[in-house]
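First the structure, in the form of structure tokens, and then the observations on it.
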Amino acid sequence: MSAQVEEDRVKQWESEQERLKRLLLEEDTDDWQRSPDFSGLERVGGVDLSFIKGDDMNACAQLVVLSYPDLKKVLYGDSQMVTLTAPYVAGFLAFRETPFLLQALQRLQESQPELTPQVVFVDGNGLFHYREFGLACHLGVLSGLPCVGVAKNLLQVQGVHKNEEHQSRIAALHKGGDSFPLTAASGKVLGKALRSCDKSSKPVYVSVGHKISLDTAVRLTQACCLFRVPEPIRQAAADQDDEQRVEDLKKNLFVYRIFFNHI
DNA sequence: GCGACAG
DNA sequence: ATCTTGTCGC
């Protein structure tokens, strides 16, 4: 594909982001979001695409809805192999992934609308983005659902750098829930670096996707973290066979012990 | 040439 | 995104 065609496509993507950005809501829109303990919140969703080694075309799109606040019951799960058409271009991740995440949400709407999540965690940035319209915003606006963006790596945009200053602020995050703002050159706070649990010193980067405020997004993210990555995303990112794999390991250990006992 | 580049 | 092994700690 020619450089000119790719350039034109990026231009079109930029204007599409600009168009959708006008529909973005950066504030809390639901009652449960204002509650100190999120009372009224019962279903939290997570979406993710996972790939296998040498193949960047085929992926597994997953949507998981967990019970809140326990995060223990999988109320809904959807897993679908998909073939991606758009390439990965930094700043335009949404054009590669959103169609398949939306399809998963649509399948849920058609089959079990009562299980629709009240908020969706997205792996990737929301407002913390080159043009303040990352994947979590894109999916939020197109689905109409509140979304929270959670990135595992810092995107260096709008004057935010991972320099000495940044590293020292990370070192100052001592316990789960500690955070510091990611402030753009313009002065706008685009997101927050959050130590999501006590046991992980590496923060996650939280930003507004849609229909939620940054403070609520950060507070909710911490409430949904059993480990570094929010549980809904962690489970949407997990192989379907993971549980089976754990069972196999236990079985092998059992066989192993019997073997030695008999010798 | 070097560094950046969510997933 | 995914890769691969060990290694450290509870």
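Per chain, numbering begins at 1; letters A, B, ... match sequence-line order.
- Between A/L105 and A/D78 the shortest side-chain heavy-atom distance does not fall below 4.5 Å.
- Separating the CZ atom of A/F92 from the P atom of B/dA4 is a distance of 20 Å, rounded to the nearest angstrom.
- Atom C1' of B/dC5 sits at a distance of 16 Å from the matching atom of C/dT2, rounded to the whole Å.
- OP1 or OP2 of B/dA6 has not a single side-chain nitrogen or oxygen of A/K152 nearer than 4.0 Å.
- For A/N153 and B/dG7, the shortest distance from a side-chain N or O to OP1 or OP2 is below 4.0 Å.
- Between A/Q156 atom CD and B/dC2 atom C1' there is a gap of 14 Å when expressed in whole angstrom units.
- Heavy atoms of A/F95 sit nowhere under 4.0 angstrom from any nucleic acid atom.
- In this structure, A/L93 atom CG and B/dC5 atom P are separated by 14 Å, rounded to whole Å.
- When distances are taken from the side chain of A/D123 to each of C/dT2, B/dA6, B/dG7, the shortest belongs to B/dG7.
- Residue A/Y88 has a polar side-chain atom (N or O) positioned under 4.0 Å from OP1 or OP2 of B/dA6.
- Across all strands, A/N125 comes closer than 4.0 Å to base atoms (heavy-atom distances).
- Atom pair A/D198:CG and C/dC10:P shows a separation of 15 Å (rounding to whole Å applied).
- Within the 4.5 Å cutoff, the side chain of A/L154 has heavy atoms near those of the A/F128 side chain.
- Computed from coordinates, the A/F133 CZ to B/dG7 C1' distance equals 17 Å when rounded to whole Å.
- Going from atom CG of A/L139 over to atom P of B/dA6 covers 19 Å, rounded to whole Å.
- Rounded to whole Å, the distance from CE on A/M57 to P on C/dT2 is 17 Å.
- By the 6.0 Å and 45° rule, A/R43 does not stack over the aromatic ring of A/Y76.
- A side chain to side chain contact (heavy atoms under 4.5 Å, CB included) with A/S201 holds for exactly one of A/R228, A/R195, A/H174; it is A/R195.
- The residue A/G54 sits apart from the nucleic acid: no heavy atom pair falls under 4.0 Å.
- Rounded to whole angstrom, the span from the CD atom of A/E97 across to the P atom of C/dA1 amounts to 9 Å.
- Distances from the side chain of A/K53 to the nucleotides C/dC3, B/dG7, B/dC5 place C/dC3 closest.
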Carefully, step by step, assess A/H138 and A/L142 under the rule side-chain contact (heavy atoms from CB on, under 4.5 Å). CA-CA 6 Å; A/H138 209 112; A/L142 293 185; 3.5 Å; yes

